[in-house]
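Bear in mind that the values here come from a model prediction, so they are computed numbers and not experimental data. Labels below follow one simple rule: chain letters A, B, ... track the order of the sequence lines, proteins then strands, and each chain is numbered from 1. Worth knowing before you read on, the calculation uses all heavy atoms, side chains too, and leaves out hydrogens, waters and symmetry mates.
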Amino acid sequence: MKWSKVEEKIFVAIMICSTVVVLSSLALILGTVIWRGLPALNLAMLIQTPKGGYYLGKEGGILNAILGSLFLAGGATALALAISLPIALYLHFYAERSWHGEVVRLALDVLWGIPSIVYGAFAFTLMLWLGLRASLLGGIIALSLLELPIMTRGMDEAINMVHPLLKEASYSLGATRLETALKIVVRQSIPGLLTAVLLAFGRGIGDAASVLFTAGFTDHLPTSLFEPAASLPLAIFFQLSTPFPAVQDRAYASALVLTGIVLTLSLISRRLAGRLTEHVIR
Amino acid sequence: MAPSTPTEFIEKWLAIPKRLSRQTLDRLAKKWMGFQTVAVGMLVPLIALALLLRAQPILTVRPLGELLFGTTWHPIKQAFGFYPFIMGTLWVTITSMIIAVPPSLMVAIYLAEYAPQRVRALIKPLIDLLAGIPSVVYGVWGVLTVVPLIRNYVAPTIDRWLSFVPLFQSDNPTGYSVLAGGVVLAVMVFPIIIAVAEEVIHAVPRDLREASLAMGATRWQTMKYVTLRKAVAGVIAAIGLGFSRAFGETMAVMMVVGNVPKVPSSILDSAYPLTALIANNYGEMMSVPLYDAALLGAALFLMVVVLIFNIASRLTLVRLVQHS
């Protein structure tokens with residue numbers, strides 16, 4: 001056999017091995033979290049807030065963190081949505097094929113790469129200027145900054161998939177750009193837009209570094225926007241930092257809950273995308 | 001007549017668009033959307049400016065060289081040397097790149113060139129899933145799997161066979177090490193490097209490859225001599241994006257590297273990355289003068305490095321896409 005054929009075989013083998021390594025790292029992470037988290041998980045943990053001495057191994061649960069995270073990520077996603085959709089539409093309808101549209105896309109890509117701890121530090125600075133303490137609102141601001149580029153770029157791409165002729169048809173009937181955007185293009189790209197929203201939500205709910213100083217941490221459920229709020233990632237981190245094995249087990253269970261939420265979201269977004277595309281014209 | 005109930009109030013406002021002409025609405029929408037777009041476009045300089053303002057107090061009283069290369073970190077005594085932390089970040093990031101880049105590129109080549117459509121459709125969502133796992137879960141995995149593995153197997157083995165290499169000499173018995181951080185970060189950046197590199201390789205024009213294949217070259221030879229030559233800038237950009245992600249990662253890294261403020265000299269030593277420094281000290285910084293300025297200075301440094309890598313990579317990618 002010629003050397004070039006042997007070389008080809010060797011490298012294909014290396015490629016397949018690499019793929020197996022990458023995929024097995026995913027399996028290993030999920031397997032570890034399930035294997036250590038599942039035995040420690042129970043219903044009482046999910047529906048109680050921490051009682052006195054929870055971090056020493058006494059009674060209680062992580063409801064404060066679960067709800068806190070849902071509030072934080074939900075609020076941030078709503079805020080990011082209100083900013084993202086107009087930007088994505090602007091890029092397509094008012095800044096089509098112009099250099100400043102490309103500059104904004106580049107800026108969004110760069111924002112995507114900014115570490116979440118920097119968003120945390122920036123949001124904390126904003127809060128100092130606004131006179132806010134660590135609170136649900138502060139956490140929502142920090143997370144919405146983090147989610148903004150993810151959501152906008154996702155929507156940008158979803159809108160890009162809409163067939164250009166649809167737009168032309170709408171214009172030729174006399175519709176304005178705004179009408180075309182809202183009544184034709186947004187409806188047509190709903191599956192993609194939803195995927196972008198869920199992706200951003202998943203990123204927001206899993207992020208710890210940005211809510212560390214902005215949302216604070218508390219054992220209570222937040223009752224207003226100006227109270228501190230707990231979050232799942234931080235609950236995992238704090239429970240794991242204690243020296244008590246019983247509390248560390250709860251950290252694994254909490255990690256399982258967080259992973260479960262994130263994976264469910266990504267499955268839902270896939271399903272939704274599949275189901276909603278029935279009415280999309282290609 | 002003033003509206004009396006909330007519903008009437010809302011209805012009154014909702015009625016306004018109907019009274020405006022459609023063209024006016026279109027123009028108003030353009031203005032409003034454009035305003036938001038410009039505001040978000042200005043966010044990068046705005047963040048940098050805010051951090052710079054907050055870091056100002058320490059930047060005016062300490063020379064930059066002393067901050068970046070000073071080796072003592074003792075905020076109570078007003079000593080703010082970032083050198084051990086910068087080195088900690090660099091050690092962990094470079095280790096992760098050495099681990100992550102070869103397999104990522106191989107997977108990218110496999111997906112772009114070799115994998116049948118069915119296999120691609122199966123593998124890509126799984127890699128996307130890896131990108132969606134929260135960083136704290138990566139940290140938990142590191143603590144549960146990677147750290148014990150290094151403590152019980154990797155470190156003793158290296159100690160027995162490779163201890164004459166300075167890079168592997170260490171007396172840190174805990175397993176919380178640069179290597180642990182590197183492994184966890186490597187898995188975290190797999191999806192980024194794979195996705196971008198695959199796209200870049202895929203974007204190389206088909207005719208180039210077909211010309212090479214027609215000359216009798218094997219697929220790997222074509223990849224090596226034609227496709228990768230053409231895609232090299234984009235592949236470097238993919239690595240740059242992975243690097244900047246690893247550089248700024250906080251939670252997962254700080255859970256597994258040990259956080260000992262000393263310049264590491266071996267991959268089995270503990271390290272204390274910049275991100276962990278910021279995250280660990282944020283609560284107590286307010287009472288010590290210059291402390292918060294120092295930490296926000298660290299955040300600014302982090303952001304500047306990440307920005308340089310990101311902008312360079314993105315510009316390269318934009319140019320590549322325009323050419324093909």
Side-chain angles (χ1 to χ4, degrees), chain A residues 4-5 7-8 11-12 14-16 18-19 21-23 25-26 28-29 32-33 36 83 86-87 89-91 94-95 103-104 106-107 109-111 113-118 121-122 125-126 148 176-179 202 206-209 212-213 233 236-237 240 251-252 255 258-259 262-263 266, chain B residues 22-23 25-26 29-30 32-34 36-37 40-41 43-44 47 50-51 54 103 106-107 109-110 114 123 126-127 129-130 132-138 140-141 143-145 187 190 218-221 241 244-245 248-251 255 275 278-279 282 296 299 302-303 306-307 310-311 314 318:
Chain A
S4 59
K5 291 273 162 61
E7 193 191 13
E8 170 101 17
F11 274 95
V12 169
I14 295 176
M15 284 173 207
I16 290 173
S18 303
T19 311
V21 165
V22 170
L23 293 183
S25 64
L26 172 70
L28 207 60
I29 293 171
T32 308
V33 170
R36 296 298 295 264
I83 304 172
I87 295 177
L89 291 176
Y90 185 83
L91 289 177
Y94 300 103
V103 171
V104 171
L106 181 69
D109 283 340
V110 170
L111 279 172
I114 289 180
S116 63
I117 188 133
V118 171
F122 173 67
T125 304
L126 276 186
L148 189 67
T176 63
R177 286 175 295 188
L178 181 66
E179 286 161 348
D207 196 73
L212 189 57
F213 346 116
I236 296 168
F237 180 65
L240 200 61
Y252 308 144
L258 180 60
T259 314
V262 170
L263 292 188
S266 95
Chain B
R22 295 163 50 226
Q23 276 73 17
L25 265 182
D26 188 55
K30 178 182 179 179
W32 173 245
M33 291 174 175
Q36 287 200 352
T37 309
V40 170
L43 207 51
V44 177
I47 294 174
L51 294 181
R54 292 289 312 283
M106 283 297 164
V107 175
I109 293 173
Y110 180 69
Y114 286 86
I123 292 176
L126 289 176
I127 291 176
L129 216 58
L130 199 60
I133 293 178
S135 62
V136 74
V137 175
Y138 278 101
V140 169
W141 172 66
V143 170
L144 282 176
T145 312
V187 179
F190 276 153
T218 63
R219 281 212 277 184
W220 174 252
Q221 282 173 325
L241 289 180
S244 66
R245 174 76 202 272
E249 175 51 43
T250 309
M251 219 56 188
M255 289 165 80
T275 47
I278 304 172
Y282 227 84
L296 284 159
L302 212 63
M303 174 161 171
V306 167
L307 275 186
N310 248 303
I311 294 177
R314 290 292 176 189
V318 167

(request) Evaluate the criterion side-chain contact (heavy atoms from CB on, under 4.5 Å) for residue pair A/D109 and B/N310; output intermediate values, then yes/no. (result) CA-CA 8 Å; A/D109 283 340; B/N310 248 303; over 6 Å; no
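- For a residue to count as touching a neighbouring chain, one of its non-hydrogen atoms must lie under 4.5 Å from one of that chain's; by this rule A/V12 touches chain B with the side chain only.
- If you measure heavy-atom distances from A/L23 to chain B, the contacts under 4.5 Å come from the side chain alone.
- Taking CG of B/L51 as the reference point, atom OG1 of A/T125 lies at 5.5 Å (rounded to 0.5 Å).
- A distance of 7.0 Å separates OG1 in A/T19 from CD1 in B/I127, rounded to the nearest 0.5 Å.
- Here the CE atom belonging to B/M33 is positioned 10.5 Å from the CG atom belonging to A/L91, to the nearest 0.5 angstrom.
- Using a 4.5 Å cut-off between heavy atoms, A/L26 touches chain B through backbone and side chain atoms alike.
- Interface summary for chain B: among A/I117, A/V110, A/L89, the most heavy-atom pairs under 4.5 angstrom belong to A/I117.
- Atoms OG and OH, from A/S18 and B/Y110 in turn, are 11.0 Å apart once rounded to the nearest 0.5 Å.
- Using a 4.5 Å heavy-atom threshold, the side chains of B/M255 and A/L240 count as touching.
- When A/A251, A/S116, A/A107, A/G113 are compared by the number of non-hydrogen pairs under 4.5 Å with chain B, A/G113 comes out ahead.
- For the options A/A255, A/A95, A/G202, A/P233, heavy-atom pairs under 4.5 Å to chain B are most numerous at A/P233.
- Proximity to chain B is limited to the side chain of A/R36, based on heavy atoms less than 4.5 angstrom apart.
- Using a distance-only test at 3.5 Å, with no hydrogens or angles considered, a donor-acceptor pair links the side chain of A/E8 to the main chain of B/W220.
- Annotation: the span from B/L129 atom CG to A/I29 atom CD1 amounts to 10.0 Å, rounded to 0.5 Å.
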(request) Starting from the C-alpha separation in whole Å, work towards a yes-or-no answer on side-chain contact (heavy atoms from CB on, under 4.5 Å) for A/L111 and B/V40. (result) CA-CA 9 Å; A/L111 279 172; B/V40 170; 4.1 Å; yes
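- The parts of A/S4 that come within reach of chain B are both its backbone and its side chain, each placing non-hydrogen atoms under 4.5 angstrom from that chain.
- Ranked by heavy-atom pairs under 4.5 Å with chain B, the first of A/L212, A/V118, A/L263, A/I14 is A/V118.
- With chain A as partner, the option from B/V187, B/I109, B/T275, B/T218 having the largest number of non-hydrogen pairs under 4.5 angstrom is B/T218.
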(request) Run the numbers on B/Q36 and A/Y90 for side-chain contact (heavy atoms from CB on, under 4.5 Å), then give the verdict. (result) CA-CA 9 Å; B/Q36 287 200 352; A/Y90 185 83; over 6 Å; no
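- The contact between A/V22 and chain B is made by backbone and side chain atoms together, counting heavy-atom distances below 4.5 Å.
- Atom CZ of residue A/F122 and atom CG of residue B/L43 lie 5.5 Å apart, to the nearest 0.5 angstrom.
- Residue B/M106 comes nearest to A/M15 through the heavy atom pair O-CG, 3.5 Å, listed as atom of the first residue, atom of the second, then distance.
- Of the listed residues (B/V136, B/T37, B/V107), the one with the most heavy-atom contacts under 4.5 Å to chain A is B/T37.
- Neither the backbone nor the side chain of A/L126 comes within less than 4.5 Å of any heavy atom in chain B.
- Among A/A209, A/S266, A/A121, the residue with the largest count of heavy-atom pairs under 4.5 Å with chain B is A/A121.
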